[in-house]
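The chains referred to below are lettered A, B, ... by the order of the sequence lines, with proteins before strands, and numbering in each begins at 1. These figures come from a predicted structure and were not determined experimentally.
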Amino acid sequence: MGKRKSDEDNDSRASKSKSADESNPYLAHLNVQKLPKMTPRKTTAEDAEKYEAAPTNLFNGRPFSQKYRDIMVKRRLLPVHKQRSEFLELVQNNQILILVGETGSGKTTQIPQFLLYDDMPQRSGMQIACTQPRRVAAMSVAKRVADELDVVLGEEVGYSIRFEDCTSSRTVLKYCTDGMLLREAMNDPLLSRYSGIILDEAHERTLQTDILMGLLKEVCRKRSDLRLIVMSATLDAGKFQSYFDDAPLLVVPGRTFPVDIFYTPEPERDYLEAAIRTVLQIHTCEDPGDILVFLTGEEEIEDACRKISGEINHLISAQPDHVGDLKVVPLYSTLPPQMQQKIFEDAPPPRKKGGPPGRKVVVSTNIAETSLTIDGIVYVIDPGFSKQKVYNPRIRVESLLVSPISKASAQQRAGRAGRTRPGKCFRLYTEKAFKNDLQEQTYPEILRCNLGSVVLQLKKLGIDDLVHFDFMDAPAPETLMRALELLNFLGALNDDIELTDIGVIMAEFPLDPQLAKALISSPSHTCSNEILTIVAMLSVPNAFIRPNDQRKQADEAKAQFNHPDSDHLTLLNAYHEYKEHGSDAQWCFANYLNARTLKSADNVREQLKRLMERHNIPLVSTDFNDKQYWNNIRHALASGFFMQVAHLERNGHYLTAKDNQVVQLHPSCNLETKPEWVLYNEFVLTQKNYIRTVSEVKPDWLLEISPDYYDMKRFPDCEGKRALERIAAKIASKKKDKKGK
DNA sequence: GAGCACTGC
């Protein structure tokens, strides 16, 4: 707090009082009299610029550095700079502002600073938050803006992301992930510490951004002092404006190079083949410049890379004087980081002096559309597809489907060719298809996924009437019903759709409701330490590595951790061994385990452990030699996953309980037998219906955990039902016997 | 006997 006080001193010194400075020789250099008076929300661009050009920093009282002045020259050249006055006028006269700025406009770095000089949150001990969908962006932009304001990162400017809070009591501008701001809202629904909130990249319409928009729309009504700026890259501004009650719009031009778009005259039958052909054509016919190809997934990308390399080798040996080298680089999220780094390497040089130039081609998933920017790309090949999540509320299954992209997405892809100089984009579909068949925008995530967690969060945020909640795009009623039903069966919501005591605690955990429930229930099965580990392992990507050319060795390595009737316990064993071996990366490598993934599981575990301690959920274990050790763990899992259970039918197939979907154990399952009853972590819909990460359960646990879900009166007829009825009868007669005696 | 678009708390 000491620092904030000195800010105020500095401020008031600058604006009104002279006497203190005149009598203080150390402050003589401030030359304060020349600085204009600044009143919050009345700042003009000229006044702010005078402060930015003053000898000392308004925010920390230190003299500005040369580096600061050098950066300032560049900042003044950003397109958004020209509109500072316009921005200030709009934000001073309106509570909500929509800002559209294309790539290179400088909106992410400058707008928060413009607002900072106008709001001056330091005077009232408040902050400005700017949200980003991704952690790396929050971190790197915060670093940049700290430099631009000539302050130390983590002091006046900071960032806040999961696992890392780089802010202090003097922080006035904070970049954070949108999920982080949402977490804050759960404990402070009015977000009262913020004088201004900027939602960046709103056009991406992530789940969190959509919830924040709905929430902030309400918060603005209750807090007239709050300023909200919604920033987006696309020209879909009209939708944002009308959602926010016709908020004014500021359009900032971008700074990119023109990109020529080419379409195919006829539809392509095989986009993969067409993409490869186009790479070869560009390489042999076009000017130097790197190529970016968008494909849908790992397998397709690796396949394409092999084929391109093969074809290029042919061409080079046929015409060595006319065809240069081509470096083919795959890119997808599960690629290890050192492999991902290859996209930044230079294109190969000509093989001999004066020979044809070398070129780099990056074959990538959608990761290169938003998350990663590769400089030097001049050619983009866009086949027009990506994998998208879809949710089927009827069978309660999320799956990934290769689908046509939207126009907005096609535009974004094309833009990747014009970052450093004019480029070309080859769309492997017809212009007519682009105009008539592609939808304008990609469906927002909130329409495409299971909403269990979202509904729990909204309830925790104090939204009582979910059905009438003002979503920008309202999810299907059936999807909401499914979420409410799940939360009701889990005991998080009562029959009046109110949050229960357990529901309140569940909402605190950054977990799917099923996992949160299993974790909270685990102390009553004396295995919370173990469930904590399993939940952490299930919250990170698959830790078992299985390279295509070493499948056998990898499977043998995994077999060491195997538990005969539970994949969940295999995860537990792997984690224990990892810790036993001192979290050693070498050991992980030798045992086909992903050290990075296990490290992040450990991080997650620590975070969840702290939350458990905060809520007084005891950390306990059953003695390892107790024969109930394994049973207790599976029993606790069942208390969260009793709705994800399958029964082995006499024909050898599994049928999911109640939904009666035919499913098979995923080939990655390591169960030694096919137990009659299993619970599963995940339903994977690919060529077949698979259930993945499976454990044996005892049917009497199911009846005991949720008599409501396993109410035989509301259970469809199947072999599983008859088996459950027999067990129920047995339990009933036992109870009777007991009473009789 | 198969995959795992991408994020995030």
Side-chain angles (χ1 to χ4, degrees), chain A residues 131-138 160-165 176-187 201 204-212 294-303 331-335 364-372 385-390 398-403 405 409 412 442 444-446 448-449 453-454 456-457 460-461 506-513 515-516 536 539-548 551-552 554-555 594 597 600 603-604 607-608 610-611 664-671 682 684-693:
Chain A
T131 68
Q132 297 291 318
R134 284 167 292 279
R135 286 186 213 158
V136 265
S160 170
I161 58 177
R162 189 181 188 181
F163 307 127
E164 196 184 353
D165 180 10
C176 61
T177 46
D178 40 22
M180 204 69 205
L181 191 64
L182 208 52
R183 282 281 147 193
E184 282 184 29
M186 285 170 53
N187 293 311
E201 314 287 4
E204 288 192 26
R205 304 290 308 277
T206 67
L207 209 49
Q208 283 84 356
T209 308
D210 267 26
I211 302 171
L212 275 177
F294 285 102
L295 292 177
T296 63
E298 172 177 347
E299 207 176 291
E300 197 179 77
I301 285 166
E302 292 292 352
D303 187 32
L331 177 63
Y332 42 87
S333 74
T334 48
L335 205 63
S364 171
T365 59
N366 254 3
I367 191 169
E369 198 181 297
T370 47
S371 310
L372 269 171
F385 291 96
S386 70
K387 274 192 193 171
Q388 286 166 35
K389 192 157 67 182
V390 286
E398 279 180 351
S399 54
L400 283 171
L401 212 66
V402 174
S403 326
I405 60 169
S409 181
Q412 175 78 10
T442 311
E445 197 182 356
I446 201 161
R448 296 186 284 117
C449 67
S453 286
V454 171
L456 189 60
Q457 281 181 49
K460 182 74 206 295
L461 288 165
M506 280 169 66
E508 292 277 329
F509 286 85
L511 292 169
D512 274 346
L515 289 169
S539 303
V540 297
N542 186 8
F544 298 106
I545 300 169
R546 198 166 182 254
N548 273 332
R551 290 183 187 173
K552 195 163 167 279
D555 289 346
N594 187 331
T597 304
S600 80
N603 268 336
V604 174
Q607 187 193 25
L608 297 175
R610 280 196 301 273
L611 281 166
Q664 294 187 26
L665 299 183
H666 192 272
S668 64
C669 287
N670 285 118
L671 270 55
E682 214 180 354
V684 196
L685 186 74
T686 52
Q687 305 300 95
K688 293 172 183 165
N689 290 340
Y690 287 110
I691 49 177
R692 187 161 55 192
T693 315

Exercise for review: Could you work out which one of B:dC4, B:dT7, B:dA2 sits closest to the side chain of A:Asn542?
Suggested key: B:dC4

Check your understanding: Who are the side-chain contact (heavy atoms from CB on, under 4.5 Å) partners of A:Ser409, not counting sequence neighbours?
Key -> A:Glu369, A:Ile405, A:Ser406, A:Arg413, A:Thr442

Review point. Quick one: is B:dC6 close enough that its OP1 or OP2 comes under 4.0 Å of any side-chain N or O from A:Ser333?
Key: yes

Review point. Does A:Arg546 make a side-chain N or O approach to OP1 or OP2 of B:dA2 shorter than 4.0 Å?
Key: no

Practice item. Round to a whole Å and report the spacing from CG of A:Asp178 to P of B:dT7. Key: 14 Å

Review point. So does A:Glu299 have more than 12 non-hydrogen atoms from other groups sitting under 6.0 Å from CD?
Key: no

Check your understanding: Which nucleotide in the set B:dG3, B:dA5, B:dT7 lies at the smallest distance from any side-chain heavy atom of A:Ser371?
Key -> B:dT7

Revision key, fill the gap. To the nearest angstrom, the CD-P distance between A:Gln208 and B:dC6 comes to 17 Å

Exercise for review: Give A:Ile161 one of three labels, base, sugar-phosphate or nothing, depending on what nucleic acid heavy atoms sit under 4.0 Å from its own.
Suggested key: sugar-phosphate

**Study point:** Value in whole Å for how far the P atom of B:dG3 lies from CG of A:Leu685
**Key:** 10 Å

Study note, to complete from the structure: Of B:dC4, B:dA2, B:dG8, the nucleotide closest to the side chain of A:Thr177 is B:dG8

Check your understanding: Any salt bridge between A:Glu300 and A:Lys387, counting N to O under 4.0 Å?
Key -> no

Review point. Between A:Glu445 (CD) and B:dC6 (P), how many Å, whole number?
Key: 13 Å

Check your understanding: Closer than 4.0 Å, any side-chain N/O of A:Thr365 to the OP1 or OP2 of B:dC6?
Key -> yes

